[in-house]
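Within every chain, numbering begins at 1; the chains are lettered A, B, ... in the order of the sequence lines, protein sequences first and strands thereafter. Owing to the predicted nature of the structure, the values given are computational and were not obtained by experimental measurement.
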2 protein chains.
Amino acid sequence: MAGSVGFIGLGNMGRPMALNLVKHGFPLIVHDIDPAKVEPLRARGATVADSPERVAAGADRTICMVETTAQAETVIAGPHGIVRTARPGHIVICMSTIDPFAARRLADTLAQSGVAMLDAPVSGGTVRAESGELSVIGGGAPETFEACRDLFKAMGTKIFHVGGLGQGLAMKLVNNMLVQVNAVAVAEALVLGVKAGLDPRTIYEVVRVSTGTSNAFERGVPRILARDFSPTGTIDISYKDQELETAFAKQLGAPLLLANVSQQVYQMARAAGLGKQDGTAIIQVLEKLAGVRVGG
Amino acid sequence: MAGSVGFIGLGNMGRPMALNLVKHGFPLIVHDIDPAKVEPLRARGATVADSPERVAAGADRTICMVETTAQAETVIAGPHGIVRTARPGHIVICMSTIDPFAARRLADTLAQSGVAMLDAPVSGGTVRAESGELSVIGGGAPETFEACRDLFKAMGTKIFHVGGLGQGLAMKLVNNMLVQVNAVAVAEALVLGVKAGLDPRTIYEVVRVSTGTSNAFERGVPRILARDFSPTGTIDISYKDQELETAFAKQLGAPLLLANVSQQVYQMARAAGLGKQDGTAIIQVLEKLAGVRVGG
């Protein structure tokens with residue numbers, strides 16, 4: 001497709017993703033409810049529109065990268081939403097992490113106008129969004145997915161098409177659930193080890209080459225040892241994702257024991273004022289409960 | 001040291017470990033409460049003794065590889081235990097996974113006779129015990145540890161000295177806690193994903209290269225997909241380890257949220273008759289609760 005690409009939602013993830021599309025030569029029409037957020041894109045030659053419906057009127061494909069399910073519903077199906085102007089053949093690409101069931105309802109609404117939709121949430125945080133190395137985990141019709149692969153390749157390096165509409169989101173929630181549970185396990189293990197008198201640097205050296213290791217361990221422990229809780233992804237965002245995971249599991253009738261307990265730890269971290277810190281900062285909750293400090 | 005090496009406890013782990021010592025030329029004196037278990041060692045030239053005290057009488061260093069804390073206490077400090085005959089300078093190497101506090105008490109008892117002790121639990125299961133590729137995670141005085149490195153190198157490839165007496169055990173419990181929590185998380189995630197309609201093989205392909213991956217995921221999911229629950233380590237043994245982990249944490253005052261919930265899943269698996277199966281078989285508990293089957 002050669003037409004313009006719409007991009008709605010220019011926050012911490014959306015802005016670098018849109019900038020990578022500009023870098024790859026895609027003509028963009030952008031919108032954000034916060035007028036200040038469009039300026040970095042305007043400065044790179046993007047056209048600015050003042051509503052989702054005006055974005056969709058000028059584009060063949062429109063990416064939605066807002067934060068919440070409610071925002072995605074407003075952008076796609078609200079009174080000034082994409083559905084008002086998108087022509088048959090238009091493709092809406094929902095890259096937000098939202099409720100998979102809501103995504104399917106939005107796709108049904110769009111289908112009535114002959115508009116196709118993909119769910120294509122991303123993984124990798126702001127660092128990989130900036131470097132164009134996100135993972136894109138997509139669901140939807142295969143031909144629709146292939147028609148958007150050029151966009152995904154401009155923003156990410158690992159591009160997965162995992163099933164029908166909503167299944168990209170389902171896979172993202174499955175992956176994130178593991179990240180969060182593994183992260184709480186890391187915090188518990190470090191606090192236990194330090195209470196037992198182990199040097200946390202030794203725990204890191206031994207466990208990272210042993211059976212207990214995980215991506216959460218390998219990435220998280222060096223940051224905890226350095227007491228660097230600057231956000232690569234915040235506790236607030238993880239908590240929002242956990243809300244989606246646990247609600248999704250309830251709708252499906254799937255038991256989530258560890259994921260629900262883990263969410264409570266993130267909840268405690270938010271109550272302790274750590275919501276804007278990196279996910280690894282949840283260890284501060286367990287440290288306080290146990291009266292120890294790991295690393296630093 | 002050139003004298004004989006004692007080896008007590010020739011079960012699924014002890015037998016292959018002792019055989020690797022024979023293979024490396026160490027003269028062994030062996031004992032097991034089950035007379036049948038000494039025969040594979042007798043056939044390879046090991047001397048057989050009928051009690052721990054007789055083993056220690058003929059050896060400079062004695063390895064204890066029994067299953068439980070109570071068994072280790074009997075072998076080391078019981079009425080016919082190592083302590084009855086071990087001479088000053090003897091080294092007792094406790095390679096069982098037992099309560100770290102009990103290990104320290106045993107070391108104190110032995111010290112009264114001038115006998116040194118190491119705790120040196122292993123990781124890797126029966127497969128790596130046979131291939132001589134165990135991880136050995138040791139605690140105790142550095143010079144005592146170095147005096148036994150030749151034995152460890154005959155049984156393992158990753159040899160860690162992590163701190164004072166009991167800290168090898170503490171590290172082992174920290175690592176195992178992560179393994180078990182991560183394994184329950186894998187089971188929850190797979191059941192959620194399959195309930196959502198995802199192909200479990202696709203979950204494997206996506207998550208193993210994504211942020212949710214772990215050693216438990218990478219090793220466990222292929223076995224679950226193949227429905228191969230033949231034991232590399234049993235649910236019963238993991239449950240025993242969890243008993244040690246949770247008791248240790250209670251003694252230290254360390255909160256273990258996920259580890260305690262995970263233990264309940266292993267408990268449910270035991271109640272369902274899965275105790276002798278591989279740890280990955282815990283997924284059958286969640287499958288039954290959710291009414292789905294993953295893979296196969």
Closest-packed option against chain A by number of heavy-atom pairs under 4.5 Å, given [options]:
| options | value |
| --- | --- |
| B:Ala189, B:Ala187, B:Gly166 | B:Ala189 |
| B:Ser214, B:Ser262, B:Ala216 | B:Ser214 |
| B:Leu173, B:Thr213, B:Val261 | B:Thr213 |
| B:Leu198, B:Val207, B:Leu256 | B:Leu198 |
| B:Thr202, B:Val206, B:Val179 | B:Val206 |

Check [X] against [Y] and note the closest heavy-atom contact, atom names and distance.
| X | Y | value |
| --- | --- | --- |
| A:Gly212 | B:Leu178 | O-CB, 3.5 Å |
| A:Leu192 | B:Met177 | CD2-SD, 4.2 Å |
| A:Ala185 | B:Val181 | CB-CG1, 3.6 Å |

Heavy-atom pair count under 4.5 Å with chain B, highest-scoring of A:Val191, A:Val162, A:Asp199: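 Maximum pair count with chain B is reached by A:Val162.
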Tell me, out of A:Val209, A:Asn176, A:Val186, A:Leu190, who's got the most heavy-atom pairs with chain B below 4.5 Å.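 Maximum pair count with chain B is reached by A:Val209.
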May I ask you to list the residues in [range] that approach chain A closer than 4.5 angstrom, counting heavy atoms only, ordered by number?
| range | value |
| --- | --- |
| residues 229-252 of chain B | B:Phe248, B:Ala249, B:Leu252 |
| residues 123-142 of chain B | B:Ser123, B:Ile137 |
| residues 282-296 of chain B | B:Leu286, B:Leu289, B:Ala290 |

Let me know if [X] has heavy atoms under 4.5 Å from chain B in its side chain, its backbone, both or neither.
| X | result |
| --- | --- |
| A:Val194 | neither |
| A:Ala183 | neither |
| A:Met171 | both |
| A:Lys195 | both |

Atom pair CG (A:Asn182) and CG (B:Leu258), whose distance is rounded to the nearest 0.5 Å: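 So the gap between those two atoms works out to 9.5 Å.
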To the nearest 0.5 Å, tell me how far A:Phe160 CZ sits from B:Ser210 OG.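 It comes to 5.0 Å.
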Can you confirm whether B:Leu257 sits close enough to A:Val265 that some side-chain heavy atom of one is under 4.5 Å from a side-chain heavy atom of the other?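 A side-chain contact exists here, since the closest heavy-atom pair is under 4.5 Å.
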Go through the atoms of B:Ala259 and report whether side chain, backbone, both or neither lie under 4.5 Å from a heavy atom of chain A.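 Contact with chain A is through both the backbone and side chain of B:Ala259.
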Tell me whether the count of non-hydrogen atoms from other residues, nucleotides or ligands lying under 6.0 Å of CZ in A:Arg219 goes above 12.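 No, because the 6.0 Å sphere around CZ of A:Arg219 holds 12 heavy atoms or fewer from other groups.
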A:Asn12, CG atom: more than 12 neighbouring heavy atoms under 6.0 Å: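 No.
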Going by atom types alone, do A:Asn175 and B:Thr211 pair a side-chain donor with an acceptor below 3.5 Å?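 There is such a pair (donor and acceptor under 3.5 Å, judged by atom type) between the side chains of A:Asn175 and B:Thr211.
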Any donor-acceptor pair under 3.5 Å linking the side chain of B:Glu188 with the backbone of A:Pro255?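 Not at all, since once roles are kept as given, no pair shorter than 3.5 Å links the two residues.
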With A:Arg208, which residues qualify under side chain to side chain donor-acceptor pair (under 3.5 Å), at least two apart?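 Listed in chain order: A:Glu205.
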